[in-house]
Amino acid sequence: MTTSIDNTLPDDSTSAHWTGVWAITLCVFALVASEFMPVSLLSPVSRDLGVSEGLAGQGIAISGALAVLTSLSITRLAGNIDRKLLLLGLTVLMALSGAVIALAPNYLTYMAGRALIGIVIGGFWSMSAALALRLVPEDQVPRALAIFNGGNALAMVIAAPLGSYLGSVMGWRGAFFCLVPVALVAFIWQGVSLPSMPPVRGEKSSGNVLRLFKNPLVALGMAACGLFFMGQFALFTYLRPFLETVTRVNVSTLSLILLSIGIAGFIGTLIIGFFLRAGHYPTLTAIPLVMAVIAVMLMVSGHTLWLVVVLLGLWGLVATAAPVGWWSWVAKTFPDNAEAGGGLMVAVVQLSIALGSTSGGLAFDHVGWQSTFGLSGALLTLAAILTFITYRRAR
């Protein structure tokens, strides 16, 4: 995800700070890995902290909630702070979050650590495009953003299986603590390579961002996008307990399945551009429909390992690629105001992740895993319907 909080240009349009771009990419990798690490470690976290798997999954919900609040208020809170210093501060906060979670003696401390990473998520993604604009000439910004997203995609590929493997070798606490040195290396690299980036006045406030909802097309599209992410994370957050208790896989097989999902997702991000060019809205409509069918099929065939692997590989292929389509929608819908539209998208996506993981966890704990998967399928179906309505409105 990429958007910005200020409308800035490189300090020197003839120079490019590519070392700084790569340093931020390492930060992106650590951030995304931190955000979704609980997915692969949900079962041992819940056992060790003495809470249900549904409550453990709320660690993703609280990080999403704090990301929403941060993305809508970062402009006012940052004030006159140099953006380099702000980024370094967020990187330190990310390292602190990993340490707090790894050393958490109880559930409350664990959730506090997850809240800290939520602040980093909201602050960083709200600045990412602005950072690219400050670091490279305007014609090189797409390349810089592609590199940022490369760190995102790499983390999505390896974070879950690596977390599962490290959890089996050194425990879930050790897996989370491994993120701390990565964050510290990113901090040092950014401190050395990034130029000073003083703020530029005139950025849009959160009130201006929220007023975009007055446009019916924006309201419909954001609602469709929100329902998509709710449906995705209502299921995705609880994959590990499903695979362990229903499909009955061991840790090694679990890691391989999660790796296959990540690889399929990486492939999906490479090929979705072709489908978006062929039909943008039809692609955005088809993706949640495919995922809804997968959710239903998992409900009836969750005990068959080979079919579960195939279905989850297809899930990863389309689910990981979908955000590319929605960020392209932002560019199409806000050609003259893409930064404000992107800021709104950050809030909608993170809020939806929080709501999806929360509702999925409640269903998982109180009704059973089938209800979680059914809820996911229903939300994804609604997302497809609303996307189609958005399409009709756009025409």
Looking only at atom types and distance, does a side-chain atom of [X] sit under 3.5 Å from a main-chain N or O of [Y], one as donor and one as acceptor?
X	Y	result
T247	G302	yes
T320	L317	no
R240	Y238	no
T333	W329	yes
S97	R114	no
S260	I257	yes
T372	F364	yes
K84	P195	no
T245	P241	yes
T304	L307	no

What residues, two or more places apart in sequence or in another chain, satisfy ring pair (Phe, Tyr, Trp, His ring centres under 6.0 Å) together with [X]?
X	value
F29	none
F373	F242, W369
W22	none

Determine, using the 4.5 Å side-chain heavy-atom cutoff (strictly less than), whether [X] and [Y] are members of one ILVMFWY cluster.
X	Y	value
I261	V32	yes
L289	L227	no
V180	V169	no

- Query: Do the charged groups of R248 and E244 touch, with an N to O distance under 4.0 Å?
  - Reply: no
- Query: Got more than 12 heavy atoms from elsewhere within 6.0 Å of OH, Y281?
  - Reply: yes
- Message: Is it the case that atom OH in Y107 sees more than 12 heavy atoms from other parts of the structure closer than 6.0 Å?
- Response: yes
Closest non-hydrogen atom pair, [X] against [Y]:
X	Y	result
L235	A295	CD1-CB, 3.8 Å
A224	T390	CB-OG1, 4.5 Å
G360	L375	N-CD2, 4.1 Å

- Query: How are the rings of F233 and F229 set relative to one another: parallel (under 30°), tilted (30 to 60°) or perpendicular (over 60°)?
  - Reply: parallel
- Start with the C-alpha gap between L351 and L355, add the side-chain angles, then the distance that decides, and say whether side-chain contact (heavy atoms from CB on, under 4.5 Å) holds. CA-CA 6 Å; L351 178 61; L355 292 175; 4.1 Å; yes
- Task: Output, in order, the C-alpha distance, side-chain angles, deciding distance and verdict of side-chain contact (heavy atoms from CB on, under 4.5 Å) for L284 and C225.
- Result: CA-CA 9 Å; L284 289 180; C225 178; over 6 Å; no
- Message: Enumerate the salt bridge (charged side-chain N to carboxylate O under 4.0 Å, His left out) contacts for residues 359-386, please, sequence neighbours excluded, ordered by first and then second residue.
- Response: none
- Message: Show every salt bridge (charged side-chain N to carboxylate O under 4.0 Å, His left out) that has at least one partner inside residues 283-312, sequence neighbours left out.
- Response: none
Show me, pair by pair, the donor-acceptor contacts under 3.5 angstrom made by side chains of residues 86-94, not counting sequence neighbours?
{"from": "T91", "atom 1": "OG1", "to": "L87", "atom 2": "O", "distance (Å)": "2.8"}
{"from": "T91", "atom 1": "OG1", "to": "Q190", "atom 2": "NE2", "distance (Å)": "3.0"}

